[in-house]
Amino acid sequence: MPKRYTVTAALPYTNGPIHIGHLAGVYIPADIYSRYMRLQGKEVAFICGSDEHGVAIALKAKKEGKTPQQIIDQYDQLIRTSFESFGIAFDHYSRTSREIHHETAQEFFKILYDKGVFEEKDSEQLYDPEAQQFLADRYVTGTCPICQNPEAYGDQCESCGSSLSATELIHPKSTLSGANPKLKKTKHWYLPLNRYENFIQKWILEGHQHDWKPNVYGQVKSWVSNGLQPRAVTRDLDWGIAVPVPDAEGKVLYVWFDAPIGYISSTKEWAAQKGKDWKPYWTDKETQLVHFIGKDNIVFHCIIFPVMLHASDRYILPENVPANEFLNLEGRKISTSKNWAVWLHEYLQEFPDQQDVLRYVLTANAPETKDNDFTWEEFQARNNNELVAIFGNFINRVMVLTHKYYEGYVPEPGKLEQEDKETLDSLAKLPAKIGHAIEHYRFREASQLLMGLARLGNKYLADTEPWKLIKTQPERVKTILHTALQISTALAILAEPLLPFSAAKLKKMLNLDTENKPWTAIEAQKTLLNPQHLLGKPELLFKQIEDSQMDAQREKLTATLTENTPEGKDVAPLKPSVSFKKFEALDLRVAEIIQAKKVRKTKKLMELTVRLGAEERTVVSGIATDFEEAELVGKKVSLLANLHPRTLKGIESQGMILLGENKEGQLVFVGPEDKNTASGTSIK
RNA sequence: CGCGAGGUAGAGCAGUGGUAGCUCGUCGGGCUCAUAACCCGAAGGUCGCAGGUUCGAGUCCUGCCCUCGCUACCA
């Protein structure tokens, strides 16, 4: 096993607070891993920090009439304090806006620059003269040069599916100001990922086929087999880290380039404060580097950042990148902008001193292999049925019995019976099992193994029945409770990485020394709690969570949903009036649906065959989420019949069905329903 | 359409070639030290579908279907 661990957790982007998805995917597993490694006596640097650059922050500031600095200060503070009170025990949490990071990132750039790694390319890019900035591809719309669709985006045309670059668009328009963007020459530096395909091939595809998670490995494989492209590492923007070479005024490092370097600068800052040398943490082969991230970050941490590290020729590569999938909330995708989330800072207020409950639930149901769903129902069940009923209750039974029979002193054990030995043997095997699970990033399994130990304790008490034997064999009861107390102590030690607050509370109840007993003591079946040791006061380790609390949380989410529906807002403003002539140009008809079929591999598209008098037409309409195939057939609807045909998913749509949206956000037909209106009738 | 990940008991998941398992839930029983908690037992699965390889397939191969994600779409 390596002796030193550099553990990084994805840098949170400071444009919003932390929610349960972040915790389940990144911060809780990283924290468990780091805590465990520290308990094994390893040198650990658990590193994180706020990611504070990039165009999204610049735009958010502009929108809110604040400076970018104000935005990042606000969220850095919120994120920092909520991590701290949640017990994510970073060794260091820095910020990419700090001087040390600017220096480190610039130095990193310089190293690659001096080695001639980058390719320099002049290109003509669209520049918005009103907003006075270069436009990212997705901020430009225009006419597609291939299919003439007038609303193609700068990176891709929705109509024909072609990949475009913004400069190819005919009649481009800035979505920021509406201005006509002008071409302006600009120079950028590119990281030629294509030259490192062999490196990635050997390192990951051949070297880590079996120890990396399938979802991570699969993503990398997909990227490599599609062919890697050079990627610009600089941008024309005023918010970020200046490009430290001549001839680069007004240019900053692209945020994805500077952010991962934040791991290094944060380590440096930490080492300086501790009087340590940071270098071994990033250069020594005895160091195991592990990146904890969500699946959206796989390409950066498995391809781009490693290529940067490799090209610099002075850093070690990550040993593993255990990316998690995503967590949904009550069946819907978590969304910061739609406020569909459980926010960490709100949880901490509403469930004070219950950090471990959320830690446990998010660990036991972590999205390790696929997307998972968080529900308040499960949250309550996991707490009441597992933490309270199994773990907390076992501890309480042992505490109460020991106080009742022996005034809180640990009794002297007698001769061990078969049932005692078997229980202690199972106990001795657990540290290795839990450790193995954590070392292999299977935190869900680790949490269940820990709960299994509490179950073992309950079973042991049920089998030995000390409350009966106390009347007939009081000596035997001493052995039983001594054994039960050993299990309790082991729980306190083994729970530390997973449930640090409860572990601390339990240690206090057991009156354990503050320093941790090593896991090896459990494996060696050493006495963990000596006879005559005096226990502390019994307290409940976990509290029941009531239905009313869950109802309140669910109501909060329902309120969010209501806010998000169009009805909660004002009616959309009317468009400018049109002349009668223009209205007359529209040919509106009654159409009868005679066939309806969902378009494969789409969520919303329905292929409809409609009758217009004698004529039959195909119309593709985005209504599949609101209507079943069967209920559509026979229905009469209003159709805009002379709309220019458009091809969707390879099906030519010859018209558009008129629809309205009700307050629940469901689509309803505008039109004549099934009266005696003949199909083909004109609507006037 | 393309790529990736999944599809195993009512729910959530484990199981990568050798008699289908865990947790929750359900039902029945036991216990009463314990936060109406704990312990035992039972019911419940054609392991997405169809072929193939093999003495043997949840596990390997091929094709297909479905779900999710990325991307796109929503005329």
Side-chain angles (χ1 to χ4, degrees), chain A residues 153 155-159 161 163 210 213-223 225-226 294-296 298-299 323 325-326 328 333 364-373 375 377-378 381-382 384-405 442 444-445 447-449 451-452 454-455 457-470 477 480-481 484 538-544 599-606 619-626 639-640 643-659 667:
Chain A
Y153 287 98
D155 45 359
Q156 186 151 32
C157 171
E158 294 172 356
S159 184
S163 280
H210 301 292
K213 294 171 66 167
N215 56 336
V216 177
Y217 184 85
Q219 284 284 347
V220 172
K221 200 170 149 193
S222 146
W223 275 80
S225 56
N226 285 339
K295 67 174 166 185
D296 50 335
I298 288 174
V299 63
E325 300 285 296
F326 282 158
N328 293 323
K333 222 174 128 173
N365 189 31
E368 283 177 7
T369 53
K370 61 173 187 190
D371 291 359
N372 270 345
D373 197 26
T375 63
E377 189 184 359
E378 194 201 344
R382 291 260 187 207
N384 292 357
N385 303 336
E386 298 182 30
L387 290 177
V388 174
I390 295 168
F391 195 148
N393 186 42
F394 169 66
I395 297 300
N396 195 40
R397 298 170 84 180
V398 176
M399 290 298 289
V400 167
L401 287 173
T402 308
H403 277 272
K404 197 163 168 183
Y405 299 157
R442 297 199 295 256
R444 200 162 52 193
E445 182 182 325
S447 73
Q448 292 317 294
L449 286 167
M451 198 50 70
R455 280 200 179 89
N458 277 318
K459 180 169 164 50
Y460 177 71
L461 287 183
D463 289 348
T464 53
E465 300 184 303
W467 50 89
K468 278 190 182 167
L469 293 186
I470 193 70
V477 173
I480 293 169
L481 277 181
E539 261 184 274
L540 293 184
L541 210 47
F542 300 99
K543 284 191 299 191
Q544 290 278 353
V599 181
R600 275 179 67 231
K601 306 253 180 194
T602 64
K603 271 179 234 155
K604 295 187 177 177
L605 292 187
M606 190 77 92
V619 173
V620 180
S621 186
I623 57 174
T625 48
D626 294 277
L639 181 82
L640 176 56
L643 186 67
H644 201 73
R646 184 160 168 187
T647 306
L648 288 166
K649 293 284 170 209
I651 304 163
E652 189 179 69
S653 179
Q654 302 152 325
M656 174 174 166
I657 288 169
L658 303 188
L659 292 157
L667 296 174

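Just so it is clear, the structure is predicted and the values come from calculations on it, not from any experiment. Chain identifiers are assigned alphabetically (A, B, ...) following the order of the sequence lines, protein sequences preceding nucleic acid strands; residue numbering begins at 1 within each chain.
Per the geometry, CZ belonging to A/Phe326 stands 10 Å off P belonging to B/U71, to the nearest Å. The CG atom of A/Asp296 sits 9 Å away from the P atom of B/C70 (whole-angstrom rounding). At whole-Å resolution of the value, CD in A/Glu386 and C1' in B/C38 are 14 Å apart. If you take CD1 of A/Ile390 and P of B/C22, they are 15 Å apart, rounded to a whole angstrom. Atoms CG (A/Asp371) and C1' (B/C70) sit 11 Å apart, rounded to a whole Å.
By the side-chain hydrogen bond (donor to acceptor under 3.5 Å, both in side chains) test, A/Arg444 pairs with no residue at all, sequence neighbours left out. With sequence neighbours left out, the side-chain contact (heavy atoms from CB on, under 4.5 Å) criterion links A/Phe326 to A/Lys295, A/Asp296, A/Asp371. Considering only residues two or more places apart in sequence or on other chains, A/Thr375 meets the side-chain contact (heavy atoms from CB on, under 4.5 Å) condition with A/Glu330, A/Asp373, A/Glu377, A/Glu378. With sequence neighbours excluded, no residue forms a salt bridge (Lys or Arg N to Asp or Glu O under 4.0 Å) with A/Arg455. Checked against side-chain contact (heavy atoms from CB on, under 4.5 Å), A/Ala323 has the following partners two or more places apart in sequence or in another chain: A/Val216, A/Ile293, A/Ile298. Under the salt bridge (Lys or Arg N to Asp or Glu O under 4.0 Å) criterion, A/Lys468 pairs with A/Glu465, sequence neighbours left out. Scanning for side-chain contact (heavy atoms from CB on, under 4.5 Å) contacts around A/Lys459 gives A/Asp463, with sequence neighbours left out.
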Report all side-chain donor-acceptor pairs from residues 385-399 of chain A shorter than 3.5 Å, counting only partners two or more places apart or in another chain.
unit_1   : atom_1 : unit_2   : atom_2 : d
A/Asn385 : ND2    : A/Ala381 : O      : 3.4
A/Glu386 : OE1    : A/Tyr360 : OH     : 2.6
A/Glu386 : OE1    : A/Arg382 : NH1    : 3.4
A/Glu386 : OE2    : A/Arg382 : NH1    : 3.2
A/Arg397 : NH1    : A/Asn458 : OD1    : 2.9

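Side-chain nitrogen and oxygen atoms of A/Arg455 include at least one within less than 4.0 Å of the OP1 or OP2 phosphate oxygen of B/C24.
Taking a pair to require two hydrogen-bonding distances under 3.5 Å in either a Watson-Crick or a G-U wobble arrangement, B/G6 pairs with B/C66. In a base pair of the Watson-Crick type (N1 to N3 plus N6-O4 or O6-N4) or a G-U wobble (N1-O2 and O6-N3), with each distance short of 3.5 Å, B/C38 is matched with B/G30. Nucleotide B/U19 forms a pair with no other nucleotide shown, judged by Watson-Crick or G-U wobble geometry with both contacts under 3.5 Å. Base pairing analysis places B/U46 opposite nothing; no Watson-Crick or G-U wobble pair with both distances below 3.5 Å involves it. For B/U71, there is no paired nucleotide, since no Watson-Crick or G-U wobble pair has both relevant distances below 3.5 Å. Applying the Watson-Crick and G-U wobble criteria (two distances, each under 3.5 Å), B/U59 pairs with nothing in any strand.
For the P atom pair drawn from B/A5 and B/A14, the interatomic distance equals 15 Å after rounding to whole Å. Here the separation of B/A37 from B/U26, taken at their P atoms, is 10 Å to the nearest Å. Comparing the C1' positions of B/G45 and B/G58 gives an interatomic distance of 11 Å, to the nearest angstrom. Spacing of C1' atoms, B/G25 relative to B/G10, comes out at 8 Å, to the nearest Å. When the P atom is compared between B/A9 and B/C74, the two are found 37 Å apart, to the nearest whole Å. B/G48 and B/G12 are spaced 14 Å apart, taking the P atom of each and rounding to whole Å. For B/G15 and B/U23, the C1' atoms lie 15 Å apart once the distance is rounded to whole Å. Separation of the P atoms belonging to B/G69 and B/C55 is 43 Å when rounded to the nearest angstrom.
Rounding to the nearest 0.5 Å gives a distance of 8.5 Å between CG of A/Asn328 and NZ of A/Lys333.
For the pair A/Glu368/A/Glu445, no side-chain contact is recorded, criterion being any heavy-atom separation below 4.5 Å from C-beta on. Side-chain contact check for A/Leu461 versus A/Trp467: some heavy-atom pair is nearer than 4.5 Å. Using a 4.5 Å cut-off on side-chain heavy atoms (C-beta onward), A/Asn215 and A/Glu325 make contact.
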Filtered N/O pairs between nucleotides 57-62 of chain B and protein, under 3.5 Å:
none

Can you give me the N/O atom pairs linking the protein to nucleotides 4-12 of chain B at distances under 3.5 Å, or say none if there are none?
unit_1 : atom_1 : unit_2   : atom_2 : d
B/A5   : O2'    : A/Thr369 : O      : 3.1

Atom pairs under 3.5 Å: protein N/O with N/O of nucleotides 30-36 of chain B:
unit_1 : atom_1 : unit_2   : atom_2 : d
B/C33  : O2     : A/Arg397 : NE     : 3.1
B/C33  : N3     : A/Arg397 : NE     : 3.2
B/C33  : N3     : A/Arg397 : NH2    : 2.4
B/C33  : N4     : A/Arg397 : NH2    : 3.0
B/A34  : O3'    : A/Asn396 : ND2    : 3.0
B/A34  : O2'    : A/Asn393 : OD1    : 2.4
B/A34  : O2'    : A/Asn396 : ND2    : 3.3
B/A34  : N3     : A/Asn393 : ND2    : 3.3
B/A34  : N3     : A/Arg397 : NE     : 3.0
B/U35  : N3     : A/Phe542 : O      : 2.7
B/U35  : O4     : A/Leu541 : N      : 3.4
B/U35  : O4     : A/Phe542 : N      : 3.2
B/U35  : O4     : A/Phe542 : O      : 3.0

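With distances taken from any side-chain atom of A/Asn385 to the nucleotides B/C38, B/C40, B/G25, the minimum falls on B/G25.
Proximity of a side-chain donor or acceptor of A/Thr464 to a complementary backbone N or O of A/Tyr460 within less than 3.5 Å is detected.
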